[in-house]
Q: 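A single structure is presented below for examination.
Here the structure is a predicted model, which means the values were calculated and not measured.
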Amino acid sequence: VPAGTTYTWTVVDNANVSGESNQAGAQSNISQTLSNSSNVPQNVVYTVTPLSGSCSRALFTVTVTVNPDPEITDLTSVVCSGSPFTVSPTNGGSNIIPAGTTYTWTVANNTNVSGQSAQAAAQPSISQNLTNLTDTPQDVVYTVTPRSGVAGNCIGDTFTVTVTVNPSPVIPNPSDAICSGDTFTISPANGGSTIVPTGTVYTWTVINNPNVTGESTQTSAQNNISQTLTNTSITPQNVIYTVTPQSGSNGNCAGNPFTVTVTVNPTPSLSSTLTPMEICSNSGFTYTPTSNVTGTTFTWTRAAMTGINNPAITTAQTSNPNEVLINTTPNPLDVVYIYIITANGCSTTQSVTVSVKPIPVLSSTLTPAEICGNSTFSYTPSSSTSGATFTWTRAAVTGISNPVILAPQSSNPNEVLINTAGAAINVVYEFTTLANGCSSTQNVTVRVNPRPTLNSTLNPAAICSNT
């Protein structure tokens, strides 16, 4: 190559390459800037004429292989928290992806996301597993440097990958306790380690507990976890739900299942009778409440009642009832004790009703009209208490010649009383009045007056006529 040699050239057009052009003006070297618009190496062939002074030399060719540079537009990806994203750029359109292209990157740290990190070792795709620590979508921005593979190991311009990490619900295992027949409602709230994106809904399965009714699997999304449960036993029962949360409009991301344990406490009730044995008025009433539910406590009150002489007890009592009930009427009356039965925070109200029967008494006079000796005494007893029956006896009385009557008599008294004394004598009939198993004893006293007789001689001395 003589000193001062210059060059002109022509070039065969390659449609996949831009920048090549013919050169008619003498140049000191052969040089152009070429761009490969494909993703494979392209050849550009120049036919060069060398000139030395005024002498032309033989033509020669220059073949330039233009290896492709990766050219990638900014990309985006959307994933659910806890799920890996993978961005694998593909050739086509405005993207040029030579075979074997690899990627390194840096990342702008987002403190609300864990799992993002820079990558200095070449990777076949852009991929990481990101966790959103909040309840709102978070963006992580990667700045990626592409490098072509075997075709020249050319570095392309950086591009960004913006990954939107939608939140997934993260909910610890809650629990609740309710009374049988009540409704539980679990509404997880965002805060602390609990992540509940707006619009989160729930589906669940449930382990059947044969001692509880009302639990069921729910396959339709619900805004909260809620059912009405009834405990059919006498001990607390657990119902365990396995719940799958699903975020709402922000990605519809499923969170890990969690369990909800609901303790259904039984409703305590009295296992002792609600209708204790009836009593007679002026008798003591005692009652010992019991329940099949362990740990049950009891309180009671009693209202005032017409015909029952006892004052109301309106302050809840913890000791068992033990009181004398007084029925002032001639008819049986029901006295109601209101019990509140409590166990495990659950309570119910029941009534214990005792019938207080009246003490039957004579409504007929206890002091019938006095009679004269040797006259018949008859007496018809009566009582205001329905169904009352009567028996009577009569003791021996000094001055009354009638023999004693010790055996109870059910027929009414009807006898001639003989007063052998010179003064009035009281004769006492002891009556027993019985009704509804209750009885009373009363005395009916009749006064037996003596019949007056002459105590002077009935045979005076004889006298003469006209004396």
Side-chain angles (χ1 to χ4, degrees), residues 79-84 114 129-135 165-271 290-297 340-350:
V79 294
C80 289
S81 177
S83 299
S114 65
N129 193 330
L130 304 179
T131 299
N132 185 343
L133 305 177
T134 74
D135 65 329
V165 187
N166 282 316
S168 293
V170 178
I171 302 173
N173 299 327
S175 61
D176 197 8
I178 62 170
C179 296
S180 178
D182 287 349
T183 300
F184 78 90
T185 299
I186 300 291
S187 299
N190 189 72
S193 62
T194 301
I195 298 175
V196 184
T198 301
T200 295
V201 293
Y202 309 90
T203 57
W204 61 80
T205 60
V206 62
I207 300 173
N208 181 58
N209 184 328
N211 293 317
V212 176
T213 62
E215 76 270 40
S216 63
T217 293
Q218 180 59 259
T219 57
S220 298
Q222 302 295 309
N223 293 327
N224 50 38
I225 306 101
S226 180
Q227 288 190 327
T228 300
L229 304 179
T230 299
N231 184 345
T232 59
S233 75
I234 60 174
T235 59
Q237 298 291 322
N238 286 335
V239 177
I240 300 175
Y241 296 82
T242 299
V243 182
T244 299
Q246 192 100 16
S247 68
S249 57
N250 291 325
N252 197 30
C253 298
N256 290 327
F258 62 94
T259 61
V260 173
T261 300
V262 180
T263 299
V264 187
N265 288 308
T267 298
S269 61
L270 290 170
S271 56
T290 59
S291 175
N292 290 328
V293 177
T294 301
T296 298
T297 60
I340 296 177
I341 306 100
T342 303
N344 303 307
C346 303
S347 62
T348 189
T349 301
Q350 289 180 281

Q: Flag the pair Asn344 / Cys179 as yes when at least one side-chain heavy-atom distance between them is below 4.5 Å, and no otherwise.
A: no

Q: For Asn132, is there any backbone N or O sitting under 3.5 Å from a side-chain donor or acceptor partner on Ser81?
A: yes

Q: Output all residues satisfying ring pair (Phe, Tyr, Trp, His ring centres under 6.0 Å) with Phe258, sequence neighbours left out; order by chain, then residue number.
A: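 Once residues adjacent in sequence are excluded, Phe258 has no partner under the ring pair (Phe, Tyr, Trp, His ring centres under 6.0 Å) criterion.
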
Q: For Asn209, which residues count as a side-chain hydrogen bond (donor to acceptor under 3.5 Å, both in side chains) partner, sequence neighbours excluded?
A: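 In terms of side-chain hydrogen bond (donor to acceptor under 3.5 Å, both in side chains), with neighbours along the sequence ignored, Asn209 is linked to Gln237.
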
Q: Go through the structure and list residues passing side chain to side chain contact (heavy atoms under 4.5 Å, CB included) with Ile207, not counting sequence neighbours.
A: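 By the side chain to side chain contact (heavy atoms under 4.5 Å, CB included) rule, Ile207 matches Ile240.
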
Q: Decide yes or no for Val262 and Tyr241: does some side-chain heavy atom of the first lie under 4.5 Å from some side-chain heavy atom of the second?
A: yes

Q: Ile186 and Ser175: which non-hydrogen atoms are nearest, and at how many Å?
A: CD1-O, 4.3 Å

Q: Going by side chain to side chain contact (heavy atoms under 4.5 Å, CB included), name the residues that satisfy it together with Thr219, two or more places apart in sequence or in a different chain.
A: Thr217

Q: Applying side chain to side chain contact (heavy atoms under 4.5 Å, CB included), name anything that partners Thr290, two or more places apart in sequence or on another chain.
A: Ser271, Ser272

Q: Write down the atom of Ser233, the atom of Pro266, and the distance for their closest heavy-atom approach.
A: O-CB, 3.5 Å

Q: Taking side chain to side chain contact (heavy atoms under 4.5 Å, CB included) as the definition, give me every residue that meets it alongside Thr296, ordered by chain and number, with sequence neighbours left out.
A: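 Listed in chain order: Pro268, Ser291, Val293, Phe298, Ile341, Ala343.
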
Q: If you compare all heavy atoms of Gln227 against all heavy atoms of Glu215, which two are closest, and at what distance to 0.1 Å?
A: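 The answer is OE1-CA, 3.2 Å.
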
Q: I'd like to check Ile178 versus Asp176 (side-chain heavy atoms, cut-off strictly below 4.5 Å). Are they in contact?
A: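 Counting from C-beta outward, Ile178 and Asp176 do come under 4.5 Å.
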
Q: Kindly write out the residues that satisfy side-chain hydrogen bond (donor to acceptor under 3.5 Å, both in side chains) with Thr213, not counting sequence neighbours, or none if the list is empty.
A: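 Checked Thr213 against side-chain hydrogen bond (donor to acceptor under 3.5 Å, both in side chains); zero matches.
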
Q: Determine whether more than 12 heavy atoms belonging to other residues, nucleotides or ligands lie under 6.0 Å from atom CG of Asn223.
A: no

Q: Give a yes or no on whether Asn256 atom CG has more than 12 heavy-atom contacts from other residues, nucleotides or ligands under 6.0 Å away.
A: no

Q: What residues, two or more places apart in sequence or in another chain, satisfy side-chain hydrogen bond (donor to acceptor under 3.5 Å, both in side chains) together with Asn238?
A: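 Expected list: Thr263.
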
Q: Would you mind writing out the side-chain donor-acceptor pairs for residues 189-204 within the sub-3.5 Å range, not counting sequence neighbours?
A:
unit_1, atom_1, unit_2, atom_2, d
Asn190, OD1, Val196, N, 2.9
Thr200, OG1, Pro197, O, 2.6
Trp204, NE1, Ser216, O, 3.0

Q: Indicate whether the side chain of Thr228 and that of Thr183 have a donor and an acceptor atom separated by less than 3.5 Å.
A: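 The answer is yes; a qualifying pair exists.
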
Q: Which residues pass the side-chain hydrogen bond (donor to acceptor under 3.5 Å, both in side chains) test with Thr185, not counting sequence neighbours?
A: Ser226

Q: How far apart are the C-alpha atoms of Thr261 and Val239, what are their side-chain angles, what is the distance that settles it, and do they pass the side-chain contact (heavy atoms from CB on, under 4.5 Å) test?
A: CA-CA 6 Å; Thr261 300; Val239 177; over 6 Å; no

Q: Using side-chain heavy atoms (C-beta onward) and a distance below 4.5 Å, is Gln350 in contact with Ser269?
A: yes

Q: Does any N or O in the side chain of Asn173 come within less than 3.5 Å of the main-chain N or O of Val260, such that one atom is a donor and the other an acceptor?
A: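 Answer holds: no.
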
Q: Is there a side-chain contact between Ser114 and Leu133 (heavy atoms, below 4.5 Å)?
A: yes

Q: Taking the side chain from Gln218 and the backbone from Ser220, do they hold a donor-acceptor pair closer than 3.5 Å?
A: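 Side chain of Gln218 to backbone of Ser220, a donor-acceptor pair under 3.5 Å: yes, one is there.
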
Q: With disulfide bond (SG atoms under 2.5 Å apart) as the rule and sequence neighbours excluded, what pairs involving residues 206-251 come up?
A: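 Of all non-adjacent pairs touching residues 206-251, none passes disulfide bond (SG atoms under 2.5 Å apart).
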
Q: Looking only at atom types and distance, does a side-chain atom of Ser180 sit under 3.5 Å from a main-chain N or O of Thr230, one as donor and one as acceptor?
A: no

Q: Keeping to residues at least two apart or across chains, list the disulfide bond (SG atoms under 2.5 Å apart) pairs with something in residues 196-259.
A: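 Residue pairs passing disulfide bond (SG atoms under 2.5 Å apart), neighbours aside: Cys80-Cys253.
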
Q: For the OG atom of Ser347 and the CD1 atom of Ile340, what is their distance to the nearest 0.5 Å?
A: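 With rounding to 0.5 Å, OG (Ser347) is 6.5 Å from CD1 (Ile340).
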
